[in-house]
Student: 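Pasting a structure here, questions to come.
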Amino acid sequence: MTVRVIAIDGPAASGKSSTAGQVAERLGWAHLDSGALYRALTLAALDNLGEGGRRKGEEWPAQQVVDLAGRLPVRLVLAGNSFRPEVAGADVEQAIRGERVTRFVSVVAAMPEVRTWVNTQQRRAVGGMEVGGGVVVDGRDIGTIVFPEAPLKVFLTATPHERARRRLFQRGQAVDVELVRRESQALEARDAADSNRRVAPLKPAQDAVLLDTTALTLEEQVTRVVELARARFPG
Ligand code: DC
């Protein structure tokens with residue numbers, strides 16, 4: 001028997017990780033945030049290979065990043081119900097959320113060798129789980145590339161304006177018109193980078209359930225996915 005997988009994909013700030021985490025909690029399953037692994041790798045590269053004169057890490061040789069990841073190592077470790085990112089034995093869940101990592105991560109995530117390495121880590125982490133419940137995995141390519149056989153795939157969307165508003169609110173920043181406009185543009189730029197890259201672009205799997213969350217609360221979107229999960233995994 002293999003581990004049951006729910007794949008949740010969608011653009012930046014669509015609430016994937018919050019939704020995936022809460023769905024996992026409600027089902028008693030584990031949660032794996034694949035973006036955390038790309039972020040941990042980016043942090044490791046910044047700290048060990050240096051920003052130097054490079055623009056957004058473009059010239060880090062991909063193989064050097066992958067070798068570094070194996071050497072340090074960069075890993076996902078199951079703690080309680082969620083997989084946490086570690087670099088050289090230290091938990092980096094907080095450190096990877098900063099502006100510096102966010103600025104460089106799209107470039108690292110566009111490297112084919114890095115994606116192959118990350119996908120292997122994810123499949124290993126899930127394959128090594130005790131079979132009991134299952135795992136909710138969130139990212140950009142989970143339903144299309146990493147776990148295409150997942151019985152339930154959900155693709156979350158929301159307008160850039162709504163995603164920008166939520167992000168500012170989360171950060172505790174004033175949600176004024178100009179800030180929302182700027183954040184919304186930054187999100188669209190990241191969407192474009194993720195959607196137009198050659199390898200594993202952001203797109204819904206053919207059999208994904210599309211869920212527009214623009215008018216939904218987090219609680220409502222969690223409930224919708226839990227209902228889909230209960231229908232897809234009865235008993
Ligand atoms: O979801 P996030 O913001 O933590 O993702 C960080 C970056 O990693 C983002 O640029 C997209 C990329 N990513 C990806 O390419 N594939 C995934 N499965 C998850 C994240």
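Since the model is a prediction, treat every value here as computed from it, not as a measurement. Order of appearance sets the numbers: ligands from 1, and atoms from 1 within every ligand.
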Student: Identify each donor-acceptor pair in which a side-chain atom of residues 137-147 lies under 3.5 Å from a protein atom, sequence neighbours left out, and give them as a table.
Tutor:
| unit_1 | atom_1 | unit_2 | atom_2 | d |
| --- | --- | --- | --- | --- |
| Asp138 | OD1 | His31 | NE2 | 2.7 |
| Asp138 | OD2 | Ser17 | OG | 2.9 |
| Arg140 | NE | Asp194 | OD2 | 3.4 |
| Asp141 | OD2 | Arg115 | NH2 | 2.8 |
| Thr144 | OG1 | Asp141 | O | 3.4 |

Student: Should we say atom CD of Glu178 is surrounded by more than 12 heavy atoms from elsewhere, each under 6.0 Å from it?
Tutor: yes
Student: Give me the nearest non-hydrogen protein atom to atom 1 (O) of ligand 1 as residue plus atom name, then the distance to 0.1 Å.
Tutor: Arg140 NH1, 2.9 Å
Student: At what distance is the nearest protein heavy atom to atom 3 (O) of ligand 1, and which residue and atom is it?
Tutor: Arg190 NH2, 2.8 Å
Student: Test salt bridge (Lys or Arg N to Asp or Glu O under 4.0 Å) on Glu183 and Arg190; report intermediate values, then the result.
Tutor: CA-CA 11 Å; Glu183 184 62 27; Arg190 264 183 77 195; over 6 Å; no
Student: Are any of the heavy atoms in Ala12 under 4.0 Å away from ligand 1?
Tutor: no
Student: Purely on distance, is any nitrogen or oxygen of Asp138 under 3.5 Å from one on ligand 1?
Tutor: no
Student: Starting from atom 8 (O) of ligand 1, what is the nearest protein heavy atom, named by residue and atom, and what distance separates them?
Tutor: Tyr38 CB, 3.7 Å
Student: Near Arg198 CZ, under 6.0 Å, is it more than 12 heavy atoms from other residues, nucleotides or ligands?
Tutor: no
Student: Can you list the steps and then say if Arg39 with Thr102 is a side chain to side chain donor-acceptor pair (under 3.5 Å)?
Tutor: CA-CA 7 Å; Arg39 286 173 177 273; Thr102 302; 3.1 Å; yes
Student: Return the closest protein heavy atom for atom 4 (O) of ligand 1 as residue, atom name and distance.
Tutor: Arg39 NE, 2.7 Å
Student: Please indicate whether Gln206 has more than 12 foreign heavy atoms, meaning atoms of other residues, nucleotides or ligands, lying under 6.0 Å from its CD.
Tutor: no
Student: For atom 19 (C) of ligand 1, find the nearest protein heavy atom and state the residue, atom name and distance (0.1 Å precision).
Tutor: Ser34 OG, 3.3 Å
Student: Which bit of Val146 is near ligand 1, meaning a heavy atom under 4.0 Å away: side chain, backbone, both or neither?
Tutor: neither
Student: Could you tell me whether some N/O pair between Asp33 and ligand 1 is separated by less than 3.5 angstrom?
Tutor: no
Student: If we only count N/O pairs under 3.5 Å, is Arg115 in contact with ligand 1?
Tutor: yes
Student: Given a cutoff of under 4.5 Å between side-chain heavy atoms of I, L, V, M, F, W and Y, with clusters grown through shared members, what are the other residues clustered with Val77?
Tutor: none
Student: With heavy atoms only and a cut-off of under 4.0 Å, state how Gln122 meets ligand 1: side chain, backbone, both or neither.
Tutor: neither
